[in-house]
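The structure under discussion appears below in the form of structure tokens.
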Protein chains: 2
Amino acid sequence: MGTRIALVDDDQNILTSVSLTLENEGFEVDCYHDGETALRGLGRRPVELAVLDIKMPRMDGMELLQKIRGDSSLPVIFLTSKDDELDEALGLGMGADDYITKPFSQRLLIARIRAVLRRASQGEMDMSAPNIVRQGELLMDPDRHLCSWKGEEVKLTVTEFLILQALALRPGMVKNRDQLMDAAYGESVFLDDRTIDSHIKRLRRKIRVQDSTFDNIETLYGIGYKYRA
Amino acid sequence: MGTRIALVDDDQNILTSVSLTLENEGFEVDCYHDGETALRGLGRRPVELAVLDIKMPRMDGMELLQKIRGDSSLPVIFLTSKDDELDEALGLGMGADDYITKPFSQRLLIARIRAVLRRASQGEMDMSAPNIVRQGELLMDPDRHLCSWKGEEVKLTVTEFLILQALALRPGMVKNRDQLMDAAYGESVFLDDRTIDSHIKRLRRKIRVQDSTFDNIETLYGIGYKYRA
DNA sequence: CCGCCCTGCCGCAATGCCGCCGCAATGCTG
DNA sequence: CAGCATTGCGGCGGCATTGCGGCAGGGCGG
């Protein structure tokens with residue numbers, strides 16, 4: 001008996017082709033054409049994961065996600081048609097576990113599904129970087145090296161990305177410079193402490209270009225930095 | 001026979017994954033989906049520690065904590081979804097021994113559990129820095145370098161934090177200036193005694209900005225200071 | 001090979017923190 | 001009550017830490 005997945009899309013082509021692939025992979029698929037029917041169907045037949053199109057008639061993916069998340073932590077993967085939809089989905093701070101932009105390869109979808117399922121089943125045991133970090137208006141997707149603040153993309157370098165990720169992953173937790181250094185370069189790398197300051201400087205500056213009120217990277221005098229949600 | 005732990009969360013995913021991990025670590029786990037059943041279950045099967053989700057149907061974690069604490073000193077660790085919930089939990093002066101914000105790594109949870117258990121078993125003997133100090137309206141969290149009085153944050157410097165922590169950790173106990181000096185700087189540091197007075201002065205002033213009636217740092221003429229609960 | 005970007009570090013200025021001083025207030029002792 | 005010790009408190013100067021602009025070396029792609 002395979003894992004049960006809900007597939008919601010108003011495009012019949014997608015519905016049939018994707019469901020076929022998923023069934024070939026051993027999943028059981030419940031197909032729905034719109035959010036409303038999906039919501040009703042999910043009440044009757046619980047699934048372990050949902051794949052939702054964002055743009056749908058009657059009830060779109062985001063609304064559906066909210067309803068779903070109202071009373072469960074069902075893993076959800078979004079399908080998005082354009083990049084701005086993607087930003088929208090992320091920018092609104094929706095709680096999707098992952099998303100895929102159309103057009104996508106079936107193989108990619110399978111991989112993402114398995115990844116999300118694995119994370120869900122192992123709970124937080126999975127120490128590998130979660131695919132998406134979401135803290136308030138900040139969104140980070142390591143897989144795509146994508147970072148957005150209030151829905152707008154912020155272009156970060158690798159080092160900046162890793163440092164911000166380390167901070168945002170545990171908002172409120174103080175990180176000293178060594179810990180941030182470890183996050184950015186791995187352990188056993190020695191650099192001047194002040195280097196972290198430089199990266200923090202650039203991080204703040206880049207985000208402030210879009211939102212001059214950004215002040216979520218907090219300095220703790222004599223200790224380090226922390227991310228405030 | 002491992003230590004028995006109660007795990008209460010309405011999210012089945014968390015429940016299964018966390019209980020698995022804990023069992024792997026040699027704990028025995030009692031799972032409950034909501035506060036009410038948990039409370040009944042705890043009456044029948046006492047545990048040595050409880051891990052509670054804050055948001056739950058029927059009876060949430062805070063209500064449950066109050067009931068639990070009504071007739072025992074069972075150590076409790078909170079799971080919180082958002083930071084505002086966290087603040088809520090702390091601000092309300094709930095008596096949790098620790099809390100973890102989701103998402104969290106299982107490893108972190110294990111570590112916290114062990115720390116809380118160690119502290120609980122060794123009582124006041126445990127000199128290792130506890131994760132959370134809570135004395136009446138005062139709350140201190142070294143990991144987050146967070147200090148709050150009556151739910152409002154008080155920004156302290158490292159030295160101030162350490163001194164207040166040393167006092168609040170053992171309310172009622174007199175600490176002379178040498179002891180406070182050790183707590184703040186480690187041993188083998190010599191400074192003028194009056195320096196401690198300055199820090200006490202600044203501590204009192206900072207807290208009094210928010211609450212002019214604050215007088216819990218008591219002076220013992222010719223001896224030192226103590227924290228009054 | 002050239003040019004761009006990333007990055008680590010430096011120097012300066014601004015800020016924060018801290019130890020101590022001096023004086024006034026308070027407590028203790030005889 | 002007198003006298004001494006101790007503490008509260010404002011303040012100050014020095015030191016440490018941090019923000020920020022900038023720069024030079026290195027990597028990488030064109």
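Chain identifiers are assigned alphabetically (A, B, ...) following the order of the sequence lines, protein sequences preceding nucleic acid strands; residue numbering begins at 1 within each chain. Heavy-atom basis, side chains included; hydrogens, waters and symmetry copies ignored.
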(message) If you assign A:T195 and A:K206 each to the DNA chain C nucleotide with the nearest heavy atom, which residue ends up on the more 5' nucleotide?
(response) A:K206
(message) Can you tell me how far apart CD (A:E48) and CD1 (A:I5) are? Round to the nearest 0.5 Å.
(response) 8.5 Å
(message) As a test of reading the structure: which of D:dC9, C:dC28, D:dT18 is closest to the side chain of B:R208, going by heavy atoms?
(response) D:dC9
(message) Among C:dC20, D:dT7, D:dG19, which nucleotide has an atom closest to any side-chain atom of B:K201?
(response) C:dC20
(message) Rounding to an integer number of Å, can you tell me how far A:L180 CG sits from D:dT18 P?
(response) 12 Å
(request) Test B:K206 against every option in B:E160, B:E153, B:E152 by the salt bridge (Lys or Arg N to Asp or Glu O under 4.0 Å) rule and name the one that passes. (result) B:E160
(message) Check this for me: B:E187, atom CD, are more than 12 non-hydrogen atoms of other residues, nucleotides or ligands nearer than 6.0 Å?
(response) no
(message) Would the base of C:dC17 count as contacting B:T159 through its side chain, where contact means a donor and an acceptor less than 3.5 Å apart?
(response) no
(request) Check the distance between C:dG19's P and B:L191's CG and give it to me in whole angstrom. (result) 5 Å
(request) Report the nucleotide, chosen from D:dG8, C:dG19, C:dG8, that has the shortest atom-to-atom distance to any side-chain atom of A:H199. (result) C:dG8
(message) Regarding A:Y99 and A:D141, do their side chains bring together a donor and an acceptor under 3.5 Å, going by distance alone?
(response) yes
(request) Starting from the 5' end of DNA chain D, give me the residue, A:R177 or B:T219, whose nearest nucleotide shows up first. (result) B:T219
(message) Whole angstroms only, please: what is the CZ-P distance between A:R202 and D:dT18?
(response) 17 Å
(request) Rounded off to whole Å, could you give me the CD1-to-P distance for the A:I223 and D:dT17 pair? (result) 12 Å
(message) Measuring to OP1 and OP2 of C:dG8, would you say a side-chain N or O of A:Y185 lies under 4.0 angstrom away?
(response) yes
(request) Using a 4.0 Å heavy-atom cut-off across all strands, classify A:L220 as base, sugar-phosphate, or nothing. (result) sugar-phosphate
(message) Once hydrogens and angles are ignored, does a donor-acceptor distance under 3.5 Å link the base of D:dG8 to the side chain of B:R194?
(response) yes
(request) Could you check which of D:dC20, C:dG27, D:dG10 has an atom nearest any side-chain atom of B:R205? (result) D:dG10
(message) Without decimals, in angstroms, what is the distance between B:I196 CD1 and D:dC9 P?
(response) 16 Å
(message) When you compare the side chains of A:R204 and A:T219, does any donor N or O come within less than 3.5 Å of an acceptor on the partner?
(response) yes
(message) Any N or O donor-acceptor pair under 3.5 Å from the base of C:dC5 to the side chain of A:T157?
(response) no
(message) If you go through the side-chain atoms of B:K155, does one of them form a donor-acceptor pair with the base of C:dG16 closer than 3.5 Å?
(response) no
(request) Check the distance between C:dA14's P and A:D197's CG and give it to me in whole angstrom. (result) 18 Å
(request) Please state how far atom CZ in A:R204 lies from atom C1' in D:dC20, giving the value in whole angstrom units. (result) 11 Å
